[in-house]
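Read the structure below first, then the notes.
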Amino acid sequence: MREPFDLTTLIEPLLNWFKDHARVLPWRNEPTPYRVWVSEIMLQQTRVEAVKPYFDRFLKELPDVAALSDCPEEKLLKLWEGLGYYNRVRNMQIAAQTVMENYHGELPADYEALTKLKGIGHYTAGAIASIAFGIPVPAVDGNVLRVISRVTEDDADIMKASVRTAMEKDLLEIMPENRAGAFNQALMELGATVCLPNGAPLCEACPWKEVCRAQKSGRWRELPVKSKAKARRIEDRTVLVIKAEDKVLLHKRANKGLLAGLYEFPNVEGHLKEEEVITYLKKMGLSPIRLKKLEDSRHIFSHIEWHMTGYAVQIDETEQEYQNMLFVDVKETEEQYPIPAAFSRYTGYMNIRLGNDRYKEE
DNA sequence: AACGCGGGGGA
DNA sequence: TCCCCAGCGTT
């Protein structure tokens with residue numbers, strides 16, 4: 001067994017370092033429970049730089065729990081468009097409704113109560129409890145797992161839930177009573193700015209360089225131990241930008257599963273040839289006039305890789321409605337409908353006209 | 001415990 | 001290419 005590490009020795013150096021090195025972030029001024037909550041949900045599996053442009057806009061549109069609980073789904077998804085993991089914002093709205101009903105619109109200052117809200121797990125409950133309410137509970141995210149694994153030279157596989165639970169327990173015992181929020185943020189800040197992943201830590205700048213066991217042994221490159229994720233599967237798809245006059249056909253995705261509830265260009269599995277596209281369109285009851293092959297594109301999700309090809313299609317004017325499909329004014333499409341990034345390579349083709357004789361750009 | 005769920009940036 | 005990211009809900 002390894003020699004025990006006294007985590008309390010880490011607190012003061014870390015807090016002193018954080019005083020001088022805390023980044024200025026939008027959600028750090030005025031850390032109200034609601035602002036902390038929104039920021040923490042946005043930051044789940046998402047880098048600070050990616051969140052920045054979304055945070056202020058979201059707070060401006062939905063300044064409090066009541067506004068969030070009442071927001072129409074489409075506006076909600078539009079505010080989240082491009083951030084990914086769209087269930088985060090749906091769950092946050094459900095939680096907001098719970099907070100309105102059970103807590104008079106104020107987040108509960110209680111760790112266990114927070115974890116019962118939709119979308120708030122151990123980490124996020126700890127972050128809100130400590131940062132917004134000063135409650136001395138840990139907030140163990142990927143950064144914390146990494147910096148603690150290294151400083152204590154712990155080889156446990158951080159992918160295992162049991163390892164995360166153990167670290168929460170260890171940290172709970174040493175939480176500084178009056179600096180819980182700063183301590184948790186400092187741990188994460190250290191991971192994000194100094195104790196970088198992939199064996200590239202800036203140890204010279206680290207407040208723990210004198211006590212870090214991985215630094216001392218030179219094993220920092222091997223830590224943390226993390227078992228590999230499953231390989232992605234590849235999916236071939238054909239995307240159809242179907243135009244009738246100034247309208248384009250959009251499809252609303254199912255309410256469960258990948259990109260739930262978002263809008264997309266109709267697309268089918270496989271790489272279809274021109275004749276197959278025409279057959280498919282006719283089966284839908286559409287009359288294609290012109291077809292133009294579009295370039296290939298790929299989009300990588302966490303677990304799937306789409307290899308896409310596309311066609312722009314000009315069809316006869318139609319008033320017909322299809323299953324979960326609607327014709328939308330091209331001008332309104334990108335303004336009003338949340339469309340995931342996977343289709344960004346094809347949105348530009350909405351504005352292109354398929355002329356009578358040949359394909360030309362406007 | 002395993003899996004599904006987005007998107008982007010850096011090495 | 002691969003890895004990582006202020007994770008969580010479902011099964």
**Q.** Rounded distance (Å) that lies between atom P of dC5(B) and atom CH2 of Trp306(A)
**A.** 10 Å
Q: Could you identify which residues of residues 184-197 of chain A place a heavy atom less than 4.0 Å from some atom of DNA chain C, listed by residue number, or say none?
A: Met188(A), Pro197(A)
Q. Salt bridge (charged side-chain N to carboxylate O under 4.0 Å, His left out) with Arg232(A): which residues, sequence neighbours excluded?
A. Glu305(A)
Q: Rounded off to whole Å, could you give me the CG-to-C1' distance for the Leu259(A) and dG6(B) pair?
A: 7 Å
**Q.** Selection: residues 59-73 of chain A, any non-hydrogen atom under 4.0 Å of DNA chain C
**A.** none
Q | Distance below 4.0 Å between Tyr86(A) side-chain N/O and dG7(B) OP1 or OP2 | A | yes
Q) Within this structure, what is the CZ-to-P distance between Arg90(A) and dG4(B), rounded to whole angstrom? A) 19 Å
Q: Could you tell me the separation between the CZ atom of Arg232(A) and the P atom of dC3(B), rounded to a whole number of Å?
A: 16 Å
Q: Under 4.0 Å from any atom of DNA chain C, heavy atoms only: list the residues of residues 142-151 of chain A that qualify, in numerical order.
A: Gly142(A), Asn143(A), Arg146(A)
(Q) Could you tell me how far apart Arg88(A) (CZ) and dG7(B) (P) are, to the nearest whole angstrom? (A) 10 Å
Q. When you measure from every atom of DNA chain C, which of residues 19-26 of chain A have a heavy atom less than 4.0 Å away?
A. Arg23(A), Leu25(A)
Q: Scan for salt bridge (charged side-chain N to carboxylate O under 4.0 Å, His left out) pairs involving residues 325-348 of chain A, sequence neighbours excluded, and state none if there are none.
A: Lys247(A)-Asp329(A), Glu295(A)-Arg345(A)
Q. If you measure from the C1' atom in dC3(C) to the same atom in dG6(B), how many Å do you get, rounded?
A. 15 Å
Q | Partners passing side chain to side chain contact (heavy atoms under 4.5 Å, CB included) against Ile289(A) (at least two apart in sequence or in another chain) | A | Gln314(A), Asp316(A)
Q | Spacing of Ile339(A) atom CD1 relative to dG7(B) atom P, expressed in whole Å | A | 12 Å
(Q) Please convert DNA chain B into dot-bracket. A pair counts if it is Watson-Crick or G-U wobble with both distances under 3.5 Å; crossing pairs go in [ ] and bases paired with another strand get |. (A) |||||.|||||
**Q.** Interatomic distance, Met308(A) CE vs dG7(B) C1' [rounded to whole Å]
**A.** 13 Å
Return all side-chain donor-acceptor pairs below 3.5 angstrom for residues 267-279 of chain A, not counting sequence neighbours, or 'none' if the list is empty.
from, atom 1, to, atom 2, distance (Å)
Asn267(A), OD1, Arg237(A), NE, 2.7
Asn267(A), OD1, Arg237(A), NH2, 3.3
Asn267(A), ND2, Glu264(A), OE1, 3.1
Asn267(A), ND2, Phe265(A), O, 2.8
His271(A), NE2, His307(A), O, 2.8
Glu276(A), OE1, Lys273(A), N, 2.6
Thr279(A), OG1, Glu275(A), O, 2.9

Q) Within the structure shown, what part of the strands sits under 4.0 Å from Ala341(A) by heavy-atom distance: base, sugar-phosphate, or nothing? A) sugar-phosphate
Q: Hey, can you tell me if Trp17(A) and His21(A) have their rings parallel, tilted or perpendicular (30° and 60° cut-offs)?
A: parallel
Q | Outermost nucleotides of DNA chain C that come under 4.0 Å of a non-hydrogen atom of chain A | A | dC3(C) to dT10(C)
Q. Looking at His303(A), does any N or O in its side chain come under 4.0 Å of the phosphate oxygens OP1/OP2 on dG4(B)?
A. no
Q: Could you check how far CD of Gln45(A) sits from P of dC3(B), rounded to whole Å?
A: 17 Å
Q: Let me know, please, whether Ala161(A) or Lys230(A) comes out on the 5' side of the other along DNA chain B by nearest nucleotide.
A: Ala161(A)
Q: Between Lys160(A) and Phe301(A), just flag the one whose closest nucleotide in DNA chain B comes earlier from the 5' side.
A: Lys160(A)
Q. Are a donor atom and an acceptor atom from the side chains of Gln185(A) and Arg28(A) found within less than 3.5 Å of each other?
A. yes
Q: Specify whether Phe55(A) and Trp27(A) have parallel, tilted or perpendicular ring planes, treating 30° as the upper limit for parallel and 60° as the lower limit for perpendicular.
A: perpendicular
Q: Apply salt bridge (charged side-chain N to carboxylate O under 4.0 Å, His left out) to Asp296(A) and list each qualifying residue two or more places apart in sequence or on a separate chain.
A: Lys293(A)
Sub-3.5 Å pairs of nitrogen or oxygen atoms, protein against nucleotides 9-11 of chain B:
none

Q.
Please report the interatomic distance CG(Leu77(A)) to CG(Leu83(A)), rounded to the nearest 0.5 Å.
A. 11.5 Å
